[in-house]
Amino acid sequence: MAKGLTKMEDNYSQWYNEIVMKADLAENSAVRGCMVIKPYGYSIWEKMQAVLDGMFKETGHENAYFPLFIPKSFFSKEASHVEGFAKECAVVTHYRLKTDENGEIVVDETAKLEEELIVRPTSETIIWNTYKNWINSYRDLPLLINQWANVVRWEMRTRLFLRTTEFLWQEGHTAHATKEEALVETKKMIGVYAKFAEEYLGIPVHIGTKTEKERFAGAEETYCIEALMQDGKALQAGTSHFLAQNFAKAFDVKFLNKDNKEEYVWATSWGVSTRLMGALIMAHSDNNGLVLPPKLAPIQVVIVPIYKSVEELDMISERVENLAKKLRAQNITVKYDNRDSQRPGFKFAEWELKGVPIRLAIGPKDYANNTWEVARRDNFEKQIIADDNILEHIKTLLVEIQENIHQKALNFRTQNTYKVDDWEEFKNKLETKPGFIEAHWDGTSETEEKIKNETKATIRLIPVNPVLEQGKCIYSGKPSNFRVLFAKSY
RNA sequence: CGGGGUGUAGCGCAGUCCGGUUAGCGCACCUGCUUUGGGAGCAGGGGGUCGGGAGUUCGAAUCUCUCCACCCCGACCA
């Protein structure tokens with residue numbers, strides 16, 4: 001058991017916070033609600049970015065960059081959009097400081113902005129204002145743009161990675177000639193997110209649409225992926241919105257079609273954020289610390305030497321460097337932990353805390369026998385492997401660990417997903433064994449609201465292709481044709 | 001933003017109620033020696049705006065006011 005790490009079953013949120021900090025992923029900063037992402041944590045984010053960026057480009061998107069500031073007036077152009085974000089905006093009102101008579105630095109009241117600038121909470125408005133100039137003809141469409149950026153949402157309560165005032169994300173903003181094409185894009189991108197979650201994060205996700213209440217401000221349809229965390233709460237891991245012609249109308253973005261007729265452009269937007277870091281931590285980690293899927297681990301293999309003398313270390317180091325070179329040639333990231341200041345046991349514990357998938361140890365015995373001790377982070381199994389086979393073994397093992405992590409998460413989700421048809425059981429499950437609940441719903445916002453108020457559970461999503469079956473709404477008893485997915489959520 | 005809690009060395013804490021030597025302890029850090037197959041031992045050493053500001057007092061980590069930050073529970077949200 002890791003020293004000083006709170007157990008997940010004793011206090012889940014404390015366990016989470018400790019992993020984030022002890023594994024050197026991030027820490028709180030001097031600014032309320034804003035975190036410092038530390039190098040180890042940031043390198044995981046960089047890996048996520050690289051993979052996602054590649055997937056966006058494969059699907060025809062290009063990167064661009066739009067301003068951090070948005071004129072206040074832009075927000076009022078789309079009614080539901082402003083309503084959704086107004087309560088959590090940072091506003092820039094002045095552009096100068098001065099030293100007052102007491103030598104204090106104060107805001108120079110004479111330097112007041114004519115129109116306040118909003119620090120973007122999301123970029124639909126500034127982007128659609130720009131698209132107006134870019135789009136004239138159907139030949140300019142589709143316009144497939146993504147931007148990597150930081151955004152600010154002034155949340156009341158923040159948590160490292162899960163909800164910070166400033167966060168990093170990507171936001172795709174596409175423009176299309178037809179509704180059908182925009183809908184295809186919306187679904188395509190939620191598919192990209194789901195593939196990324198399953199294959200890279202190793203997190204199984206459900207795909208579906210949000211209810212009207214939970215929909216993005218300004219969207220006509222919101223697709224989402226939802227994942228289950230180890231405390232039985234759901235986490236929205238990515239969203240893709242069909243914005244219809246709402247923003248085109250708000251910003252007057254029209255194009256001439258082949259028949260020389262003016263039409264409004266159809267829009268989508270989609271995003272994932274550093275919240276994925278939170279998902280990654282909460283989905284896989286254990287009481288020994290972080291567990292990273294090999295595909296996203298900054299260090300895939302760590303090598304710890306065991307020695308008694310400098311001569312012994314030199315001998316071992318030569319063999320280690322030899323293997324490290326071969327591993328790097330296969331694009332496997334290796335860390336040789338030859339610090340003399342720490343003993344092996346300390347290093348073992350530390351690299352487990354940091355989630356490194358594979359640990360190799362080599363001491364005099366292994367050196368003499370031409371072997372390596374191989375330990376996996378996901379299930380703690382140890383094996384002695386001959387030097388001749390070590391390269392192939394590691395390659396296979398990395399694949400195996402990636403799969404095993406995903407499988408474990410999938411098993412967990414299966415064991416914590418319940419079909420419930422009785423209201424009392426519904427409430428009881430949420431209190432005693434939270435997880436996903438598949439239940440019938442009458443399709444009304446009133447019922448959704450009442451269920452939320454009485455149980456804290458929300459409809460996470462409406463399945464894309466629901467299994468049709470006759471049933472009765474868990475709350476109202478009214479008829480329903482399929483089940484929706486309920487859970488308590490982050 | 002409402003309720004509760006916390007803030008003393010890099011980390012974890014004692015001291016605060018009841019003001020009074022030079023503010024302690026453990027881990028970490030530095031030096032040396034011995035060690036090294038699951039979080040080493042001994043010896044020596046360095047490090048403090050007691051969260052910030054103002055006030056009460058001969059004297060404040062301790063009392064008062066105020067501001068800030070963090071944690072937990074709600075409401076809001078990715």
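In what follows, chains carry the letters A, B, and so on, assigned in the order in which the sequence lines appear, proteins first and then strands, with residues in each chain numbered from 1.
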Go ahead and name the base partner of G44(B); Watson-Crick or wobble counts if both distances stay under 3.5 Å, otherwise write none. C30(B)
Base, sugar-phosphate alone, or nothing: which one does Leu162(A) contact when heavy atoms must sit under 4.0 Å apart? base
Give the residues of residues 272-286 of chain A touching RNA chain B, defined as any heavy atom closer than 4.0 Å, sorted by residue number. Ser273(A), Arg275(A)
I'd like to know if the side chain of Thr458(A) pairs up with that of Arg460(A) as donor and acceptor (distance under 3.5 Å, no hydrogens or angles considered). yes
Complement of G74(B), any strand, by Watson-Crick or G-U distances under 3.5 angstrom: C1(B)
Check ring pair (Phe, Tyr, Trp, His ring centres under 6.0 Å) between His61(A) and all other residues, then give those that pass, not counting sequence neighbours. Trp270(A)
Are there any protein N/O atoms within less than 3.5 Å of an N/O atom in nucleotides 34-37 of chain B, and if so, which ones and at what distance?
| residue | atom | partner | partner atom | Å |
| --- | --- | --- | --- | --- |
| U36(B) | O4' | Arg343(A) | NH2 | 3.4 |
| U36(B) | O2' | Tyr307(A) | O | 3.2 |
| G37(B) | OP1 | Arg343(A) | NH2 | 3.4 |
| G37(B) | O6 | Gly363(A) | O | 3.4 |
| G37(B) | O6 | Pro364(A) | N | 3.1 |
| G37(B) | O6 | Lys365(A) | N | 2.6 |
| G37(B) | O6 | Asp366(A) | N | 3.3 |
| G37(B) | O6 | Asp366(A) | OD2 | 3.3 |
| G37(B) | N1 | Asp366(A) | OD2 | 2.2 |
| G37(B) | N2 | Asp366(A) | OD2 | 3.0 |

Shortest side-chain distance from Arg157(A), nucleotide among A78(B), C72(B), C70(B): C72(B)
When you compare the side chains of Ser269(A) and His173(A), does any donor N or O come within less than 3.5 Å of an acceptor on the partner? no
With a 4.0 Å cut-off on heavy atoms, is Glu155(A) in touch with a base, just the backbone sugar-phosphate, or nothing at all? base
Please determine whether a side-chain nitrogen or oxygen atom of Thr122(A) lies at a distance below 4.0 Å from atom OP1 or OP2 of A78(B). no
For nucleotides 44-53 of chain B, which of its nitrogen or oxygen atoms have a protein nitrogen or oxygen under 3.5 Å away, and what is each distance?
none

Taking the same atom, P, in C13(B) and in C30(B), what whole-Å distance lies between them? 24 Å
Should the side chain of Glu352(A) and the base of G38(B) be counted as holding a donor-acceptor pair, with the cut-off at 3.5 Å? yes
Look at the side chain of Asn28(A) and decide which nucleotide, out of C70(B), G38(B), C76(B), has an atom nearest to it. C70(B)
Any-strand Watson-Crick or G-U partner of A23(B), both distances under 3.5 Å: none
Counting the atoms with a prime plus P, OP1 and OP2 as sugar-phosphate, which does Arg359(A) contact under 4.0 Å by heavy atoms, base, sugar-phosphate, or nothing? base
Output yes when at least one side-chain N/O atom of Asn288(A) is less than 4.0 Å from OP1 or OP2 of G39(B), else no. no
Could you list all N or O pairs between the protein and nucleotides 8-12 of chain B that sit under 3.5 Å apart?
none

Which residue, Lys213(A) or Ser13(A), contacts RNA chain B at a nucleotide closer to its 5' end, judged by nearest heavy atom? Ser13(A)
Base, sugar-phosphate, or nothing for Ser489(A), non-hydrogen atoms under 4.0 angstrom? nothing
Suppose we screen for side chain to side chain donor-acceptor pair (under 3.5 Å). Which residues come up paired with Asn379(A), at least two apart in sequence or across chains? Arg376(A), Glu381(A)
Applying a 4.0 Å non-hydrogen cut-off, can you work out what Lys452(A) is touching in the nucleic acid: base, sugar-phosphate, or nothing? sugar-phosphate
When the C1' atoms of A23(B) and U16(B) are considered, how many whole Å apart are they? 12 Å
